[in-house]
Novice: 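This is the structure, below, for whatever I ask next.
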Amino acid sequence: MTQSPDASLLTASPWWRPDPGTSLVIQGGCRLTGAYPISGAKNAVLPLMVSALVTPHLVTLHNVPSSLDVAVLANLLQRLGCVLNWSSGRGGLSLTVCADHVHPARIDRDLVVRMRASVLLLGAVLARCGEACLPLPGGDAIGSRGIDFHIAGLRAMGAEIEAGGGMIQARAPNGLHGAEIAFPHVSVGATENLMLAAVLAEGTTTIRNAAREPEIADLAQCLIAMGAAIEGLDTHVLTIHGNRPLTGAVHAVMPDRIELGTMACAAAVTGGELLLENGRRHLLGAAETLLLKAGVALEDVADGVIARRPSGRLNGIMVETQPYPGFATDLQAPVMAMLAVARGRSVITETIFEQRFRHVEELRKMGADITVDGRVASITGVDQLRGARVTATDVRAAAALVLAGLAAEGETVLDGLDHLDRGYDRMAEKLEACGAHIVRSIV
Ligand code: EPU
C-alpha cells in the first residue's frame with residue numbers, strides 16, 4: 001500500500017502535525033511583549049542534516065526547528081537508507097542520523113519538488129556512493145534559481161552529470177577529486193553542495209567567490225567536528241582538504257537570523273518589545289544598521305536581543321538585498337511589511353531573486369501603497385493597514401503577511417500555511433505567547 005506524503009512525513013518525523021485546510025486568523029492591533037525563542041535556523045539545519053550522509057558514524061543535531069522542510073528532508077534521508085532518531089528536551093528537538101548504509105537509489109519526485117534544498121543531496125550522495133539520481137528540485141516560486149553552478153562544480157571534481165527530463169543523473173565511478181572552482185555569482189546552495197562533496201574527494205578543493213552566509217560556517221563547523229579540514233571560514237575563499245577519515249559529530253544548529261530579523265520587525269510594527277531569546281545582533285549583517293535607521297531599537301542582552309520601537313512611527317529607508325553580510329533577501333518581504341506603515345517613502349531593490357515581490361499584491365489588499373518596477377519596489381507608508389483575506393506565495397511572503405496582520409486594524413485570514421510551516425518553527429504559538437491574537441482555524 002502506498003502511503004500518503006503526510007503519513008511518510010510522520011514516519012520520518014513523528015513530531016510533525018499535518019494541518020491541512022487550515023488558515024491563520026489574526027486579530028490585529030495587539031502590542032507584542034515578552035520572550036520569543038528564536039529557533040534553530042531553517043537554512044542551516046537542512047545542509048547540516050545532509051552532512052550526516054558523508055560519514056557512516058552518528059551525527060547528532062540539537063536545536064532542530066520543527067518545520068515542514070525538516071520533515072521533508074528527514075523523509076528523504078530515510079528513503080536513502082538513513083536511520084533517524086528524534087528526541088526532545090529543554091533545548092528543543094534533537095535528531096541523530098545514522099547513515100552507515102546509503103542507497104543512492106532514485107529519490108521520489110513527490111518530496112524533492114517540495115524543497116529546493118533537496119539538491120544538496122547531490123554532492124553528498126555522489127561523493128559517498130559514486131552515483132546519485134535526483135529529480136530536479138522544487139522550492140519557492142521566487143525566480144529561475146538555476147543549479148548550473150552546482151553541476152559545473154561537481155563536473156570540475158570529476159563527476160559525469162546528465163540533466164534532462166526533469167532528472168539529474170550523476171556518476172563518479174572512480175570517486176571525486178579536488179578542484180579549483182570559481183563561482184560567477186555567490187551561491188549559498190552551490191557552496192554547501194560542493195563543500196559536502198569536497199570533504200570526501202581526493203585532494204584539495206578551493207571554492208572562490210564562495211558564499212559567506214553564517215549558515216556556511218555552521219555547516220563547516222559540523223564537518224570540522226567530524227574531522228574534515230576546511231579553511232577560510234567566513235571568507236569568500238574556502239579550501240577543503242578532502243578524504244580525511246571522518247567520525248560522527250554533535251552539533252547545535254545556529255539561531256535563525258531570518259526569524260530574528262522578522263520578529264524584530266514584529267516587535268516594532270506592533271509598538272511592542274520582545275526579548276528574542278538566543279539571538280545576537282551581529283547575525284543580522286547589514287539588516288542591523290537598516291533596522292536601526294528605520295527606528296527599531298536593538299540591544300544585545302545576556303540571553304538574546306531586545307527589539308522594540310522606542311517611540312512614534314518608523315521611518316522609511318532604502319534597502320538593497322545582497323549576499324551576506326549584505327541585507328538578506330529572506331528579510332526583504334517582512335521588512336517591506338514593516339515599511340508599509342513607516343513614515344514617508346522606502347525603496348527596496350531585490351538583486352538576488354527576480355520574482356520575489358509576489359507578496360506585494362497581497363500587502364496591497366491590506367491597504368499598503370506599494371508599486372513595483374522590475375526589481376525595485378517603492379513603498380509609501382500608510383497610517384494603518386486593514387485586515388483582509390490574503391495568501392502566502394512563499395516562506396518569507398508568509399511571514400510578511402503575518403506581520404502585516406499583526407499591525408493591521410481588524411481581522412486578517414492568511415491562506416497558504418504550508419509556506420509558513422515550511423520555514424518557521426511554531427510561529428503562531430510563539431506569537432500567541434507574546435500577546436498576539438492568532439489562531440489556526442478552518443475558515
Ligand atoms: N544561482 C544560479 N545558479 C546556481 C545557483 C544559484 O544562477 O547554480 C542563482 C539563483 O538563481 C539566485 C542566486 O544565484 O538568483 C542566489 O541563489 P543561491 O544559490 O544563493 O540560493 P539558494 O542556495 O537556492 C539559499 C536559501 C534561500 C536564500 C538564498 C540566498 C536555503 C535552503 N535557501 O537558497 O532561502 O534566499 O540562499 O540567501 O538555504 C528562504 O529561506 O526563504 C530561501 C529562499
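Note that ligands are numbered from 1 as they come in the structure, with each ligand's atoms numbered from 1 the same way.
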Novice: Taking side chain to side chain contact (heavy atoms under 4.5 Å, CB included) as the definition, give me every residue that meets it alongside N193, ordered by chain and number, with sequence neighbours left out.
Specialist: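 Partners of N193 under the side chain to side chain contact (heavy atoms under 4.5 Å, CB included) test: V119, L120, L122, H150.
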Novice: Does D394 come within less than 4.0 Å of R358, counting only side-chain N to carboxylate O?
Specialist: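 Not counted as a salt bridge, because no side-chain N and carboxylate O are separated by less than 4.0 Å.
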Novice: Using a plain distance cutoff, I'd like to know if E354 has any nitrogen or oxygen under 3.5 Å from a nitrogen or oxygen of ligand 1.
Specialist: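 So ligand 1 has no N or O lying under 3.5 Å from an N or O of E354.
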Novice: So which bit of Y324 gets within less than 4.0 Å of ligand 1, heavy atoms only: side chain, backbone, both or neither?
Specialist: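 None of Y324 does.
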Novice: Could you list all the salt bridge (charged side-chain N to carboxylate O under 4.0 Å, His left out) pairs where at least one residue sits in residues 215-236, not counting sequence neighbours?
Specialist: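 Found E215-R257.
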Novice: In this structure, are over 12 heavy atoms from other groups packed under 6.0 Å from E202 atom CD?
Specialist: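 Not buried by this count: 12 neighbours or fewer within 6.0 Å.
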Novice: More than 12 non-hydrogen atoms from neighbouring residues, nucleotides or ligands closer than 6.0 Å to CD on E361, yes or no?
Specialist: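 Count not over threshold, so no.
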Novice: If you measure every N/O of V395 against every N/O of ligand 1, is any gap under 3.5 Å?
Specialist: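 Between V395 and ligand 1, no N or O pair is found under 3.5 Å apart.
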Novice: Does NE2 belonging to H185 count more than 12 external heavy atoms closer than 6.0 Å?
Specialist: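 No, the 6.0 Å shell around NE2 holds no more than 12 heavy atoms from other groups.
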Novice: Any N or O on A190 sitting closer than 3.5 Å to an N or O of ligand 1?
Specialist: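 For ligand 1, there is no N or O atom that lies under 3.5 Å from one belonging to A190.
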Novice: Under 3.5 Å, is there a donor-acceptor pair between the S39 and D425 side chains?
Specialist: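 Indeed, the side chains of S39 and D425 share at least one donor-acceptor pair under 3.5 Å.
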Novice: Does T329 reach ligand 1 with a nitrogen or oxygen that is under 3.5 Å from one of the ligand's nitrogen or oxygen atoms?
Specialist: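 Min N/O separation from ligand 1 is not below 3.5 Å for T329.
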Novice: Determine whether the side chain, the backbone, both or neither of D394 has a heavy atom under 4.0 Å from any heavy atom of ligand 1.
Specialist: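 D394 to ligand 1: no contact under 4.0 Å from either part.
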Novice: Return yes when H185 approaches ligand 1 closer than 4.0 angstrom through a heavy atom, no otherwise.
Specialist: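 Contact check H185 vs ligand 1: negative.
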Novice: Between A117 and ligand 1, does any nitrogen or oxygen pair lie at a separation below 3.5 Å?
Specialist: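 Between A117 and ligand 1, no N or O pair is found under 3.5 Å apart.
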Novice: Say whether E192, considering both its backbone and side-chain N or O atoms, lies within less than 3.5 Å of an N or O atom on ligand 1.
Specialist: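 No - when backbone and side-chain N and O of E192 are compared with those of ligand 1, no distance drops under 3.5 Å.
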Novice: Could you establish whether E350 and ligand 1 come within less than 4.0 Å of each other, counting only heavy atoms on the residue side?
Specialist: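 In this structure, E350 fails to qualify as a contact of ligand 1 - no heavy atom is under 4.0 Å.
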Novice: For R116, is at least one N or O under 3.5 Å away from an N or O on ligand 1?
Specialist: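 Such a contact does occur with ligand 1.
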Novice: Distance alone, cut at 3.5 Å: any donor-acceptor contact between the side chains of T321 and T329?
Specialist: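 T329 and T321 do not have a side-chain donor-acceptor pair below 3.5 Å.
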Novice: Is R389 paired with E362 through a side-chain N to carboxylate O contact shorter than 4.0 Å?
Specialist: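 Looking at R389 together with E362, the answer is no, because their closest N to O distance does not fall below 4.0 Å.
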Novice: Return a yes/no value for V188: is any of its N or O atoms, backbone included, closer than 3.5 angstrom to an N or O of ligand 1?
Specialist: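 Such a contact does occur with ligand 1.
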Novice: Just let me know how K42 lines up against ligand 1, side chain, backbone, both or neither, with a heavy-atom cut-off below 4.0 Å.
Specialist: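 The side chain, only.
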